[in-house]
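Notes to accompany the following structure.
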Amino acid sequence: MSDDIPSYEAVVIGGGISGMYLTYRLRELGMHFHVFEAGSDIGGTWYWCRYPGARFDSESWSYGYFFDKELLQEWDWKEHFSPQPDTLEYLNYVASKYDLRRDMTFNARATAAVFDDEANRWTVTFEDGRQVRGTLLITGLGVLSAPTLPNIPGRDDFEGQAFHTARWPHEPVSFEGKRVGVIGTGATAIQAIPEIAKTAGHLSVFQRHPNWAAPLHNSKITPEEQKDIKTRYDEIYARCWETVGCFIHTPDPRSALDATPEEREAFWEKLYSEPGFGIWIGNYRDVLTDERANALATEFMSRKIKERVDDPVIAEKLIPKNHGFGLRRLPLESGYFEAYNRPNVRLVDVLENPIERITPKGVQTTVEEHELDILVYATGFDGVTGGYDRIDIQGPGGRRLKDDWKDDLPKTFLGVLNDGFPNLLMVLGPHTSRGNIPRHIEKIVDFNVALIRHMREQGYSRVEARSEEAAKWLAQVVEVNENRLAGKIPSWQTGVNANVPGRQNIRVLGYYGGATRYREIAEQVADGGYKELMFR
Ligand code: NAP
């Protein structure tokens, strides 16, 4: 059939870190492909999340692309934990260096993707009605690309400025002397609150449940450090791939329960004073797996909050009671707890006095109305599957991906192919391993590109996971999740979002058998000639 709809060997959705690297690799294959991105430029997460205080929680020099040694040597990270503007500048540098935009169309939000079983190709429809076709559909949607607003009545009534942190305006927002409200106290709010507090006339933080947080200890990279980092990139890369989540930190082999109270205290003080995720991922090996060890770490972290917050009543409210330390993705902070010592910051406990509605003037709780000029929704995302659910993806016979994922666990093979959806290749789909995202993206893109190369060499135009192999992968995913304390805690990582209908139950959405194990399995599949997949 010939019509005016542009047709490609592969259509890629998403121009973030995944889509950019896909562009580089697919071009190497000489593939006829095109990338479609909802935003007006490259960058994904770092394009959308421009809220004040946004920055890496991982060491910059472990978090950029590693695929080209020249790029590693050319780029100077300015800070150990890069702020969002610098990160976006880096991604722009990458896009320009490899001329990536040439294969990209922006302002193209995909709304549907339908597979034609006979023609063996996907038709993708965008918000503005445009359509394109691709034999392969490759999704680089990230795991946090579907922001969610709170299900509070009256949101449209508010007469001031209101922003979700993941839809932050490109123009600067001034808080100078303004009455500002922030709803939410997750990793995003924990970065934004200390920044906003610096200039706001008054800041009200509407907290439902508090989260644990530890100091980031960011600093500028000195010229000596820069030199040293550049000589150590091979070592840093190797280090990432030795650890559970591809971060530079890995659990201490000792047990918290074997240590004396003095030893524990000294070790935790040391971790608390060091930059980055060490206190979370570099802690005693049983802190995240044994309830008794976790309770000890929880007690230490509670004490830290009490030490840093002047008002004991506020300190108590900032201590999480619904999950132990580290059982959700740990936010790192720069002066978060001290922000509550400022006279212009007020913690509003909306667990005690829930928000009833957003009014034209501000936020009405069960006891009072908080008048605001600016309202910030730091209310998070419909994690992992949310980005997919927002596109009406239909496989053969009109089978909908979102229906498959509605009540059941996704049945994927390695989180790359979903059972029953031919020629759909995902980059960070459900049931890929989790941790340092760019490290995972590079490996998964490489896996996908090698698979495409294999198809081209063999003359195949269709790939599908064998159902029984997807079932086996799911069984492994579930098994390695079984003893994880974090697997039992509601959060975006376990697929829970109180603001999304049907997303109230805990689901397993990642492979937690370790990044190295995941990589080994993927390599075995490729080396074995993809026996787990069906080709045509
Ligand atoms: P989040 O952790 O899911 O937090 C959302 C917050 O909004 C929670 O405090 C939640 O309270 C609150 N909330 C939601 N609906 C509400 C309602 N109706 N009323 C009152 N409060 C409501 O989202 P996030 O902070 O955006 O972070 C998500 C993830 O993004 C992080 O875990 C992290 O992986 C990533 N992130 C990374 C970085 C970085 O790398 N530097 C920075 C920021 C975020 P409840 O807990 O009561 O539901």
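All heavy atoms count here, side chains included; hydrogens, waters and symmetry mates do not.
Checked by atom type and distance alone, the side chain of K488 pairs as donor or acceptor with a backbone atom of E482 at under 3.5 Å. When atom types are taken as modelled, the side chain of T111 and the backbone of I391 share no donor-acceptor pair closer than 3.5 angstrom.
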Stepwise, does the side-chain contact (heavy atoms from CB on, under 4.5 Å) test hold for Y93 with K97?
CA-CA 6 Å; Y93 179 81; K97 177 175 170 70; 4.2 Å; yes
With ring-ring contact (aromatic ring centres under 6.0 Å, His included) as the test, would you mind laying out the steps for H431 and F413 before giving the verdict?
CA-CA 8 Å; H431 301 164; F413 183 65; over 10 Å; no
Check the pair K472, E468 against salt bridge (Lys or Arg N to Asp or Glu O under 4.0 Å), reporting the backbone distance first and the verdict last.
CA-CA 6 Å; K472 268 199 235 165; E468 64 277 18; over 6 Å; no
Are T148 and N497 close enough, and set up right, to give a side-chain hydrogen bond (donor to acceptor under 3.5 Å, both in side chains), and what steps lead you there?
CA-CA 8 Å; T148 48; N497 186 317; 2.9 Å; yes
The test is side-chain contact (heavy atoms from CB on, under 4.5 Å); show your working for E59 and H80 and say whether it passes.
CA-CA 5 Å; E59 293 72 10; H80 284 281; 5.7 Å; no
In sequence, state the C-alpha distance, the side-chain angles, and the governing distance for F247 and C240, and then conclude on side-chain contact (heavy atoms from CB on, under 4.5 Å).
CA-CA 5 Å; F247 295 108; C240 288; over 6 Å; no
Go through the steps to decide whether Y51 and Q191 satisfy the test side-chain hydrogen bond (donor to acceptor under 3.5 Å, both in side chains), and finish with yes or no.
CA-CA 9 Å; Y51 60 85; Q191 289 187 330; 2.6 Å; yes
Trace of the side-chain contact (heavy atoms from CB on, under 4.5 Å) decision for T139 with V427:
CA-CA 6 Å; T139 49; V427 176; 6.0 Å; no
Could you go through the side-chain hydrogen bond (donor to acceptor under 3.5 Å, both in side chains) check for S433 and H440 one step at a time?
CA-CA 8 Å; S433 94; H440 282 80; 2.5 Å; yes
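When all heavy atoms are compared, the tightest approach of L88 to R50 is CD2-NH2, 3.7 Å. Across every non-hydrogen atom of D286 and A293, the tightest pair is O-CB, 3.4 Å. The shortest heavy-atom contact between R102 and D99 is NE-OD2, 2.8 Å. The shortest heavy-atom contact between A470 and D419 is CB-CB, 4.0 Å. The two residues T135 and N120 make their nearest non-hydrogen contact at CG2-O, 3.7 Å. Residues P150 and T379 approach most closely at CD-OG1, 3.6 Å, considering heavy atoms.
Residues Y65 and Y98 fail the side-chain proximity criterion, which asks for heavy atoms closer than 4.5 Å. Within the 4.5 Å cutoff, the side chain of N107 has no heavy atoms near those of the D128 side chain. With a 4.5 Å cut-off on side-chain heavy atoms, L414 and V525 count as touching. Residues L417 and L533 meet the side-chain proximity criterion, which asks for heavy atoms closer than 4.5 Å. Looking at R434 and V384, their side chains come closer than 4.5 Å, going by heavy atoms from C-beta outward. Proximity of W46 to Y90: side-chain heavy atoms (C-beta onward) are nowhere separated by under 4.5 Å. In this structure, R399 and D404 have side chains that are in contact, with non-hydrogen atoms separated by less than 4.5 Å. Between I138 and I452 the shortest side-chain heavy-atom distance falls below 4.5 Å.
Within the 6.0 Å centre-distance limit, the rings of F115 and W122 are counted as a close aromatic pair. In this structure, the ring of F535 has its center less than 6.0 angstrom from the ring center of H454. Between Y511 and W473, the distance from one ring center to the other falls under 6.0 angstrom.
Both tests pass for R167 against the ring of W48: distance under 6.0 Å to the centre and angle within 45° of the axis. Within the cation-pi definition used here (under 6.0 Å to the ring centroid, within 45° of the axis), R328 does not qualify as a partner of W212. Y284 does not carry R254 over the face of its six-membered ring by the limits of under 6.0 Å from the centre and within 45° of the normal. Under the 6.0 Å distance and 45° angle rule, R439 does not count as a cation-pi partner of Y63.
A salt bridge does not link D290 with R285: none of the charged nitrogens is closer than 4.0 Å to a carboxylate oxygen. Salt bridge status for D446 with R453: absent, with no side-chain N to carboxylate O gap under 4.0 Å. Salt bridge status for R133 with D3: present, with a side-chain N to carboxylate O gap under 4.0 Å. A salt bridge is defined here as a Lys NZ or Arg NE, NH1 or NH2 lying under 4.0 Å from an Asp or Glu carboxylate O, and R329 with D57 meets this definition. Note on R462 versus E464: salt bridge recorded, some NZ/NE/NH1/NH2 to OD/OE distance being below 4.0 Å. Salt bridge status for D408 with R507: absent, with no side-chain N to carboxylate O gap under 4.0 Å. In this structure, K406 does not pair ionically with D403, as no charged nitrogen and carboxylate oxygen lie closer than 4.0 Å. With respect to the salt-bridge test (charged N to carboxylate O, under 4.0 angstrom), the residues E235 and R239 do not qualify.
Listed by chain and number, the residues in a side chain to side chain donor-acceptor pair (under 3.5 Å) with Q394 are D392 (sequence neighbours excluded).
Within 6.0 Å of NZ on K321 lie more than 12 heavy atoms contributed by other residues, nucleotides or ligands. Around atom CD of Q458, more than 12 heavy atoms belonging to other residues, nucleotides or ligands sit under 6.0 Å away. Residue-environment remark: CD (E291) stays at or below the threshold of 12 foreign heavy atoms within 6.0 Å. Atom CD of Q504 has more than 12 heavy atoms from other residues, nucleotides or ligands within 6.0 Å.
Side chain to side chain, D382 and W492 fail the donor-acceptor criterion of an N or O pair below 3.5 Å. S40 and Y47 share a side-chain donor-acceptor pair at under 3.5 Å. For the 3.5 Å distance criterion, the side chains of R208 and N322 fail to qualify, holding no donor opposite an acceptor. Residues T185 and N211 bring no donor and acceptor atom of their side chains to less than 3.5 Å of each other. T125 and Q131 are linked by a side-chain donor-acceptor pair at a separation below 3.5 angstrom, with hydrogens and angles left out of the test. Side-chain contact, S82 with T87: a donor N or O sits under 3.5 Å from an acceptor N or O.
A distance of 8.5 Å separates CD of Q73 from OG1 of T231, quoted to the nearest 0.5 Å. Rounding to the nearest 0.5 Å places CD1 of I248 at 10.0 Å from CG of N436.
Within the structure, side-chain hydrogen bond (donor to acceptor under 3.5 Å, both in side chains) pairs that include any residue of residues 7-18 comprise E9-R456 (at least two apart or interchain).
If you run side-chain hydrogen bond (donor to acceptor under 3.5 Å, both in side chains) between H34 and each of D103, T23, T105, only T105 comes through. Tested against F56, the residues F277, W77, F81 include a single ring pair (Phe, Tyr, Trp, His ring centres under 6.0 Å) partner, W77.
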